[in-house]
Protein chains: 2
Amino acid sequence: MTAFLHKGYAKTSMQDLKKATGLHPGSIYCAFENKRGLLLAALEQYRLDRTAEFERFFSAAQLSIVNLKTYLDNVVAECISGDSAKACLLTKALNEMAEQDEEIQQIISGNLFSLQQSLAEKFAQAKIEKSISAKKDSDHLARYFLMGIYGLRTFAQTHPEAEVIEQLAEQLYSDICR
Amino acid sequence: MTAFLHKGYAKTSMQDLKKATGLHPGSIYCAFENKRGLLLAALEQYRLDRTAEFERFFSAAQLSIVNLKTYLDNVVAECISGDSAKACLLTKALNEMAEQDEEIQQIISGNLFSLQQSLAEKFAQAKIEKSISAKKDSDHLARYFLMGIYGLRTFAQTHPEAEVIEQLAEQLYSDICR
DNA sequence: GAGTATCTTGAACAAACATTCAAGAAAGGA
DNA sequence: TCCTTTCTTGAATGTTTGTTCAAGATACTC
């Protein structure tokens, strides 16, 4: 995962993967069939890691809206860190490969759609808790929230100043709650 | 430009570039030194094209806020088209190369910062024209607008349904004007 | 502890890659 | 028309790439 996050799929060579995994080419091919298979496995592991992380954020005994804010703050922290290991493998791979590999594009889209649906559930909960107006559409809020996160992550790659990213996230949050 | 937009830098081979440019390897190397030089030239051409396009959008005899909306609508149309040739070379290359090539990351960041500043000018104009509250910070508005565009473009790669993208853009616009 | 099964190793492979360059074509000037 | 200069060509070069596989190590069974 970190190798692909750092160099992207195409630029990550088998030697890089050998170094990153500690496995020799033969073992990698035995376990994952080929380089693409390793990417698929990395995407699956990323999905597991991130859904577990998501559950952790939202298992806190707080109002949903508070957990959503904490979740956003964490994204901001990842953006500010400038650490490629904390970037999003899904959007990174989507940007690189969507045009060329339809299966991978669909896997990534599916994962991101799951995240969107999970977020929508949390927004629905926030509506029940009266943190957010009942008039708002949870699905739309989730899409807008996700769009904001995508935007933040891209923006941070050009402008890693903490205050700027924090200010943008704050506006995003208040636009969603308003 | 279109070759790099379609396959990304690493996956675009010299043969692809030969086909795309109609030039033979020798000529390409004579004119651009190497593959990276061709990317630099493509980035420069993209900058020229996009600044010209920007001027065209904002030379319309309309209120600045109207021109901003038209500009956004155009981004939405590009997103919906699903045409890789209409994607943003800057964000695409930024995602792929920022981690590995500092010079290219700085060129791209510089170009995107110019765009941000140009947008800030238009927001300042909109304030003068009373389309937007005088209390708002033009620079912040420009950053938020740009962040929204980044988000839209990424979102559209997973969810190319026109209505969804249009709805997200509409919310972005109204959040900025509010 | 012998024998079977599984896993690991890293050298070897062909294909594809970016890059070079000497030969040839075209253009321009006198 | 001839010479000089500039531009174009595409085969050849040496890497690097992803991939394979037979040999060796390890683990497991009886």
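A donor-acceptor contact under 3.5 angstrom links the side chains of A:Tyr144 and B:Asp175, judged on distance only. When only modelled atom types and interatomic distance are considered, B:Asp16 and B:Ser13 share a side-chain donor-acceptor pair under 3.5 Å.
Stems are defined here as 3 or more consecutive Watson-Crick or G-U wobble pairs with pairing distances under 3.5 Å; those involving DNA chain C are C:1-30 with D:1-30.
Between A:Leu68 and A:Gln125 the shortest side-chain heavy-atom distance does not fall below 4.5 Å. Residues A:Leu152 and B:Met147 have side chains in contact (heavy-atom distance under 4.5 Å, counting atoms from C-beta outward).
The CZ atom of A:Phe155 lies 11.0 Å from the SG atom of A:Cys79; values are rounded to the nearest 0.5 Å.
What separates NZ of B:Lys18 from P of C:dA18 is a distance of 13 Å, to the nearest Å. Distance B:Ile28 CD1 to D:dA11 P: 16 Å, rounded to the nearest Å. The CG atom of B:Asn34 sits 17 Å away from the P atom of C:dC17 (whole-angstrom rounding).
Aromatic ring orientation, B:Tyr9 versus B:Phe4: tilted (interplanar angle from 30° to 60°).
Between A:His24 and the phosphate of C:dG10, there is a side-chain N or O to OP1/OP2 separation shorter than 4.0 Å. Close to D:dT20, at under 4.0 Å from its OP1 or OP2, lies no side-chain N or O of A:Tyr29.
Of all nucleotides listed (C:dT20, D:dT19, C:dG10), C:dT20 comes nearest to the side chain of B:Pro25.
Comparing A:Ser13 and A:Ser27, the nucleotide of DNA chain D nearest to each residue sits closer to the 5' end for A:Ser13.
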